[in-house]
Colleague: 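Before I ask anything, here is the structure I am working with.
Counting starts at 1 for both ligands and their atoms, following the listed order. Only heavy atoms go into these numbers, but all of them, side chains included; no hydrogens, no water, no symmetry mates.
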Amino acid sequence: MKAPRPKKRYVCQLCGSASPRWAGQCADCGEWNSLVEDAAGVVTPFSARHDLRGGGRRIELVGLDAEAALPERIGTGIAELDRAIGGGLVAGSAMLIGGDPGIGKSTLLLQAAARVAARGFEVVYVSGEEAADQVRLRARRLGLGSAPLRLAAATSVRDILTTLQGDSYPPLRSRTDGAAGAAGNCPHVPRPPALVVVDSIQTMYSDLIEGAPGTVSQVRASAHELIRFAKESGAALVLVGHVTKDGAIAGPRVLEHMVDTVLSFEGERSHQYRILRATKNRYGGTDEIGVFAMGDEGLAEVANPSALFLTDRGEAVPGAVVFPALEGTRPVLVEIQALTVRLASGATPRRAAVGWDSGRLAMILAVLEARCGLSFSTAEVYLNVAGGYRVTDPAADLAVAAALVSALAERPVAPETVAFGEVALSGELRPVAHAGLRLKEAAKLGFERALVPAAVVGERGGMRVSGFRTLGQLVDHVLGR
Ligand code: TYD
Ligand code: MG
């Protein structure tokens, strides 16, 4: 077969016009002897459509060592929130915050927005869920009634962007004259907002797309337009996202890919405490948490959460073991509770975990069966982390195992004991990070003994520390063998 001949083209060095044949005079500008053969193939409409290797603008390529400006951050004035997101809201970034209904997302964002506005930044809070009056009443109840915040109840992304984009804003309308404080009589504001809160993305509607609000395509299209606005204008955008029953943010998973930061607001409505955790952060780490307590005046910050999730510890009960978790740089002590119920019939026993990964629970049970000869196969197993706390720290394995063994044998673990360490499938115990810090905090809170992997024993931190090489040794200890 004949190989295709590379297409030739001739480009006028003066005016840039291209022609397939050489000529002495450029047909476009009339210059003589200006056509020079160009090696690149002719860009025909066909080839342009089918080949991305030409026809674009050249982009600038830079080295890693080129100047990099640190992102501009706006502190929210809520230290626990700033801590969770790595130091403040990043201008031009998009953040998604998810959490169960009623957990306090709107409250937290209203408090943060008011603080940012009070510091002189332009802040817009768009509520698609509640009427403006409802938000205003809440703000007043939280003592934020005079914050110069711009509030709107809207769901049309086109309306919102039209409002935000203009170089001046319509004057604030306040129904109760004078009550809206500093912003109440503010005429046009000729600057782009520093912070835009959209509560929630599932209520937003883009007329570019068919479908009801909350559908996958609507959520994606609305988020895309809002995020594009944030990137172009330099505003920090915060989107509230509903979560589904299993904890994922409803709507497309792709929403999590579109934003720079994903936060989850956790806790149980029946408990007072709330934890703000970053699960994705392009501008910082994901290991620090923010801790809040929900009260009559909204969310209060909890600067020292280490003893927060410990229940009153009286008599030692079987199945309860305290685990010193580490959240970023802060230790948080939590009680792990296990319950096993022997089944008489041959029914399949249930396994349930609240506040811990159920896959990890299955793994610990398997290791206890396979390496330590304990049988859970005819027992229902329930595991609970007290106080509505969710443990993500892998060091919890050892405390969970101790709780399970203690529950199965109905033998309490000695009181004032903490346990931590990672369990390998082989049954060996692995040391974990910051053992010294965990021990020190436990000692501070009055704990006296610690069950840890053998490798940790060096770090005493003022405690009676028992080190174990294998899970089998720990089981023997708990069973008093
Ligand atoms: P909200 O912020 O509306 O939750 P979300 O936006 O995540 O759905 O919080 C609502 C709950 O918080 C509600 O059940 C009442 C409670 N709450 C308080 O206990 N104290 C307060 O000061 C506020 C504003 C709310
Ligand atoms: Mg809400």
Colleague: What's the verdict on salt bridge (charged side-chain N to carboxylate O under 4.0 Å, His left out) for Lys280 and Glu256, showing C-alpha distance, side-chain angles and the deciding distance?
Modeller: CA-CA 8 Å; Lys280 164 183 175 178; Glu256 297 184 15; over 6 Å; no
Colleague: Arg141: heavy atom below 4.0 Å from ligand 1, yes or no?
Modeller: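 Per 4.0 Å heavy-atom rule, Arg141 contacts ligand 1.
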Colleague: Please tell me whether Asn281 and Thr286 have a donor and an acceptor in their side chains that are separated by less than 3.5 angstrom.
Modeller: no
Colleague: Of all the non-hydrogen atoms in the protein, which one sits nearest to atom 2 (O) of ligand 1, and at what distance?
Modeller: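 The closest one turns out to be Thr107 OG1, 2.6 Å.
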Colleague: Measuring from the heavy atoms of Ser200, does anything fall under 4.0 Å of ligand 1?
Modeller: no
Colleague: I'd like to know if Asp393 and Arg438 make a salt bridge, using a cut-off of under 4.0 Å between side-chain N and carboxylate O.
Modeller: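 Salt bridge flag = yes for Arg438 with Asp393.
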Colleague: Do you see a donor-acceptor pair shorter than 3.5 Å between the side chains of Glu129 and Ser200?
Modeller: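 Side chains of Glu129 and Ser200: pair found under 3.5 Å.
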Colleague: Is ligand 1 under 4.0 Å from a heavy atom in the side chain of Ser106, in the backbone, in both, or in neither?
Modeller: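 It is both backbone and side chain that touch ligand 1.
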Colleague: Report yes if some N/O of Pro101 lies less than 3.5 Å from some N/O of ligand 1; otherwise report no.
Modeller: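 Between Pro101 and ligand 1, no N or O pair is found under 3.5 Å apart.
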Colleague: Could you tell me the residue and atom name of the protein heavy atom closest to atom 10 (C) of ligand 1, and the distance to it rounded to 0.1 Å?
Modeller: Gly102 O, 3.9 Å
Colleague: Which residue from Lys105, Met294, Arg274, Glu297 reaches closest to atom 17 (N) of ligand 1 through any of its heavy atoms?
Modeller: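 Shortest heavy-atom distance from atom 17 (N) of ligand 1: Met294.
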Colleague: So for ligand 1, is Asp199 a polar contact partner (N or O within less than 3.5 Å, distance only)?
Modeller: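 N/O-N/O distance under 3.5 Å: no.
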Colleague: Could you tell me whether any N, O or S atom belonging to Thr107 is less than 2.8 Å from the Mg ion (ligand 2)?
Modeller: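 Here the distance criterion (N, O or S atom, under 2.8 Å) is not met by Thr107, so no.
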Colleague: Any heavy atom of Glu129 closer to ligand 1 than 4.0 angstrom?
Modeller: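 Contact absent.
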Colleague: Quick one: look at Asp296 and ligand 1, take heavy-atom pairs under 4.0 Å, and tell me if it's side chain, backbone, both or neither.
Modeller: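 The answer is the backbone.
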Colleague: How far apart are the closest heavy atoms of Ala212 and Gln218, and which atoms are they?
Modeller: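 Where Ala212 meets Gln218 most closely, the heavy atoms are O-CG, 3.2 Å.
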Colleague: Would you say Gly104 touches ligand 1, if touching means a heavy atom closer than 4.0 Å?
Modeller: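 It does; at least one heavy atom falls under 4.0 Å.
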Colleague: Does ligand 1 have an atom under 4.0 Å from some heavy atom of Val240?
Modeller: no
Colleague: Under 4.0 Å between a side-chain nitrogen and a carboxylate oxygen: does that hold for Glu80 and Arg330?
Modeller: yes
Colleague: Please write down residue, atom name and distance for the protein heavy atom closest to atom 21 (C) of ligand 1.
Modeller: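 Going atom by atom, the protein heavy atom closest to atom 21 (C) of ligand 1 ends up being Gly295 O, 3.4 Å.
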